[in-house]
Enquirer: 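Please find one structure pasted underneath; my questions will follow.
Throughout, protein chains are lettered first and strands after them, A, B, ... in sequence-line order, and every chain is numbered starting at 1.
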Protein chains: 2
Amino acid sequence: MKIGIIGLGLIGGSMAKDLRSRGHDLSGWDTHEHHRKMALDLGLIDHIMDLDEMCQLCQLIIVATPVSSIASVVSRVLSQLDDDQAVMDVGSTKRKICEAVRSHPRRELYVACHPLAGTEYSGPTAAITNLFHGKKNIICELEASSKSTAKMVIETMASLGMQNLLMSAEDHDRHAAYVSHLSHISAFALGTTVLNIEKDESQIFNMAGTGFSSTVRLAKSNPDTWSSIFSDNRPHLLEALDGYLHELQKWRDLLADDDQASMTSQIQDANRIGRILDGIELNVLKIS
Amino acid sequence: MKIGIIGLGLIGGSMAKDLRSRGHDLSGWDTHEHHRKMALDLGLIDHIMDLDEMCQLCQLIIVATPVSSIASVVSRVLSQLDDDQAVMDVGSTKRKICEAVRSHPRRELYVACHPLAGTEYSGPTAAITNLFHGKKNIICELEASSKSTAKMVIETMASLGMQNLLMSAEDHDRHAAYVSHLSHISAFALGTTVLNIEKDESQIFNMAGTGFSSTVRLAKSNPDTWSSIFSDNRPHLLEALDGYLHELQKWRDLLADDDQASMTSQIQDANRIGRILDGIELNVLKIS
């Protein structure tokens with residue numbers, strides 16, 4: 001199948017790499033000329049091709065740009081597609097994008113996706129094989145996509161080893177704010193706090209083996225990608241951040257009072273997250 | 001060499017395992033009877049032996065209890081040692097412990113250590129081989145230990161694959177508060193925030209692949225170990241937590257104003273932590 005990918009960063013580049021290795025013909029575009037060239041040099045894509053040409057030649061177009069531009073790119077693509085073509089996006093927020101394309105006359109040729117995979121690195125050089133294997137792909141408002149469009153996207157994501165799950169765009173953005181986006185804010189703020197205070201950088205390095213490296217890992221993430229996501233998901237993220245500030249203020253009070261018994265019970269409470277992460281999987285809407 | 005370990009949790013148990021595999025004769029003690037038996041059953045130690053007997057029979061005694069009891073255990077051990085014996089601890093805080101034993105008549109037989117290694121798991125079953133390999137061991141106030149005592153401890157830690165570094169107890173606790181202890185508070189609060197809001201636990205599980213799992217990993221850590229560390233290192237930790245709250249409040253303001261340009265520059269600033277973690281190592285006081 002001829003597949004076009006717009007946005008050749010970590011996600012777009014990794015999808016290109018995996019899809020190309022499965023025998024598809026991959027065309028790619030990125031607003032940064034050096035990213036286009038790098039993607040070609042790294043063998044992520046077969047050809048550099050712009051959006052309009054992709055709309056003429058590709059069966060599936062994947063939009064992997066920062067979330068702030070996804071709705072406009074998807075709309076521009078939709079306006080040029082025939083019935084046997086499809087477009088999907090991989091953005092980390094879904095409500096605003098789904099709203100923006102809802103009344104597009106060709107809406108049924110679009111599938112709104114969020115593959116839950118990534119690393120803290122960015123750009124075409126961050127692209128890795130099997131990034132999506134064993135991970136989940138959230139699909140929103142699938143009822144607005146035609147059956148053949150849905151089938152093409154679901155099969156493509158399944159071919160990367162992903163499990164497709166359904167969720168409303170509103171639910172997706174709320175869960176993503178708490179579980180994913182808040183983690184990023186938490187890591188960015190932790191990174192800055194430690195950088196501000198630790199004038200002697202070698203001490204950060206020396207002490208990093210104590211758990212700091214993994215807690216702060218996400219602080220290496222791409223500035224444009226994430227400021228765009230935060231802005232897009234502002235209402236839910238503000239709510240999540242207020243909840244987090246409340247919990248940290250509670251910790252501050254316990255420390256100020258040296259209330260060790262309450263600290264112990266706060267930690268016991270937080271320990272429950274381990275049991276969830278270690279594998280309870282309930283009520284998952286699986287689609288065939 | 002006959003070595004005794006008091007406290008058979010993650011750190012004590014892992015040290016026992018590695019030292020035993022290097023041919024030493026390992027005796028162990030823990031206030032929890034089932035931990036003593038488990039350590040013997042798991043082959044972490046050769047014998048169960050109480051503190052007084054260890055002081056008669058072992059050349060080196062390692063104190064690996066929660067930090068709140070380390071000073072009293074070390075003092076009790078010191079009072080019973082001969083000149084050719086030594087005691088060391090592995091606590092995550094150092095100032096209060098060093099102060100408490102400073103005027104002990106046998107102080108020179110003690111070395112204050114903090115091996116910077118661990119996982120989020122606890123108890124004898126969490127003990128793993130090679131936990132310390134390639135990691136750093138901070139030694140505080142080495143000038144207060146006799147040469148032969150220092151030599152025994154430094155060689156033992158080096159035999160586990162550790163690099164020994166010197167630091168003052170005050171500096172150690174300040175760096176540990178910012179780089180290690182604050183990360184734990186940040187993870188405990190993040191875990192609780194997400195548990196409070198996400199009534200549907202399957203959504204936490206589904207979304208965890210987005211970076212949440214690694215950011216919240218430390219929230220699985222042991223309640224007694226960590227409330228004890230937090231209480232002990234209160235002044236530095238309060239300062240670190242205030243710095244963190246300040247940064248998060250800054251993030252809240254940027255979100256409320258939807259100031260995407262400033263969010264981008266905040267992230268660019270936090271990104272610097274990556275360059276440090278990826279390997280700048282300066283001014284490290286190496287000891288032979």
Enquirer: Chain B heavy atoms under 4.5 Å from A:Ala261: which part of the residue, side chain, backbone, both or neither?
Expert: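 Neither part.
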Enquirer: Among B:Ala187, B:Ala189, B:Pro115, which residue has the highest count of heavy-atom pairs closer than 4.5 Å to chain A?
Expert: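 It is B:Ala189.
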Enquirer: Is B:Thr215 close to A:Leu190 at the side-chain level, that is, under 4.5 Å between some pair of heavy atoms?
Expert: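 No. Closest side-chain heavy atoms not under 4.5 Å.
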Enquirer: Answer with side chain, backbone, both or neither: which region of A:Leu218 has an atom nearer than 4.5 Å to a non-hydrogen atom of chain B?
Expert: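 The side chain, not the backbone.
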Enquirer: Taking B:Asn196, B:Leu245, B:Leu237, B:Ile138 one by one, which has the highest count of heavy-atom pairs under 4.5 Å against chain A?
Expert: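 Heavy-atom pairs under 4.5 Å are most numerous for B:Leu245.
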Enquirer: If you count heavy-atom pairs under 4.5 Å between each of B:Gly243, B:Ser265, B:Ala117, B:Ser231 and chain A, which one has the most?
Expert: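 Greatest number of close heavy-atom pairs with chain A: B:Ser231.
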Enquirer: Let me know if A:Thr225 has heavy atoms under 4.5 Å from chain B in its side chain, its backbone, both or neither.
Expert: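 For A:Thr225, there is no contact with chain B at all, as no heavy atom is under 4.5 Å.
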Enquirer: Please look at A:His184 and chain B and tell me whether the side chain, the backbone, both or neither of the residue comes under 4.5 angstrom of a heavy atom of that chain.
Expert: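 Side chain of A:His184 only, per the 4.5 Å heavy-atom cut-off to chain B.
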Enquirer: Could you have a look at A:Thr119, A:Leu254, A:Ile197 and say which one has the most heavy-atom pairs with chain B under 4.5 angstrom?
Expert: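 Most heavy-atom pairs under 4.5 Å with chain B: A:Ile197.
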Enquirer: Is there side-chain contact between B:Tyr244 and A:Arg252, with heavy atoms separated by less than 4.5 Å?
Expert: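 Side chain of B:Tyr244 against side chain of A:Arg252, heavy atoms only: no contact under 4.5 Å found.
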Enquirer: Is there a side-chain contact between B:Phe212 and A:Ile273 (heavy atoms, below 4.5 Å)?
Expert: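 A side-chain contact under 4.5 Å exists here.
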Enquirer: Distance check, rounded to the nearest 0.5 Å: A:Ile185 atom CD1 versus B:Met263 atom CE?
Expert: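 These two atoms lie 7.5 Å from each other.
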Enquirer: Would you mind telling me which of A:Ser221, A:Ser213, A:Ala270, A:Ser227 has the largest number of heavy-atom pairs within less than 4.5 Å of chain B?
Expert: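 Winner by heavy-atom pair count: A:Ser227.
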Enquirer: Side chain, backbone, both or neither: which part of B:Asp269 has an atom under 4.5 Å from a heavy atom of chain A?
Expert: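 Contact with chain A involves both backbone and side-chain atoms of B:Asp269.
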Enquirer: Between the side chains of A:Gln203 and B:Asp171, does any donor sit under 3.5 Å from an acceptor?
Expert: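 B:Asp171 and A:Gln203 do not have a side-chain donor-acceptor pair below 3.5 Å.
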Enquirer: What distance do B:Thr192 atom OG1 and A:Gln268 atom CD have between them, rounded to the nearest 0.5 Å?
Expert: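 It is 11.5 Å, given to the nearest 0.5 Å.
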Enquirer: Rounded to the nearest 0.5 Å, how far apart are CZ of A:Arg174 and CE of B:Met207?
Expert: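 Here the rounded value is 9.5 Å.
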Enquirer: Using a cut-off of under 4.5 Å for heavy-atom pairs, which of A:Asp224, A:Asn222, A:Asp259, A:Asp242 has the most such pairs with chain B?
Expert: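 Result: the option with the highest number of such pairs is A:Asp242.
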Enquirer: Does a side-chain heavy-atom distance below 4.5 Å link B:His175 with A:Asn206?
Expert: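 Sidechains of A:Asn206 and B:His175: no contact.
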Enquirer: Evaluate the ring planes of A:Trp251 and B:Phe230, with Trp represented by its six-membered ring, and classify them as parallel (under 30°), tilted (30 to 60°) or perpendicular (over 60°).
Expert: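 Plane angle over 60°, so perpendicular.
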Enquirer: Select, from B:Leu195, B:Leu182, B:Leu116, B:Leu241, the one with the greatest count of heavy-atom pairs under 4.5 Å involving chain A.
Expert: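 Top count of heavy-atom pairs under 4.5 Å with chain A: B:Leu195.
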Enquirer: When heavy-atom pairs shorter than 4.5 Å are enumerated against chain A, which of B:Arg272, B:Gln266, B:Gln260 gives the highest number?
Expert: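 Max contact count across the listed options: B:Gln260.
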Enquirer: Is there a side-chain contact between A:Pro223 and B:Asn271 (heavy atoms, below 4.5 Å)?
Expert: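 Yes, side chains in contact.
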Enquirer: At what distance, to the nearest 0.5 angstrom, does CG of B:Leu255 lie from CG of A:Leu238?
Expert: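 Nearest 0.5 Å value for the CG-CG distance: 5.0 Å.
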Enquirer: Among A:Gly191, A:Pro235, A:Ala208, A:Ser186, single out the residue with the greatest number of heavy-atom pairs under 4.5 Å to chain B.
Expert: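 So the answer, after comparing A:Gly191, A:Pro235, A:Ala208, A:Ser186, is A:Ser186.
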Enquirer: Taking all non-hydrogen atoms of both residues, which atom of B:Phe188 and which atom of A:Ile267 are closest, and how far apart?
Expert: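 So the minimum-distance heavy-atom pair works out to CE2-CG2, 3.3 Å.
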Enquirer: For chain B, which of A:Arg217, A:Glu239, A:His114, A:Glu120 has the most heavy-atom pairs under 4.5 Å?
Expert: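 Result: the option with the highest number of such pairs is A:Arg217.
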Enquirer: Could you look at A:Glu198 and say if it's the side chain, the backbone, both or neither that has a heavy atom under 4.5 Å from chain B?
Expert: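 When you check distances to chain B, only side chain atoms of A:Glu198 fall under 4.5 Å.
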Enquirer: Please rank A:Gly118, A:Ala176, A:Ala240, A:Ser92 by heavy-atom pairs under 4.5 Å with chain B and give me the top one.
Expert: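 Of the candidates given, the most pairs with chain B belong to A:Ala176.
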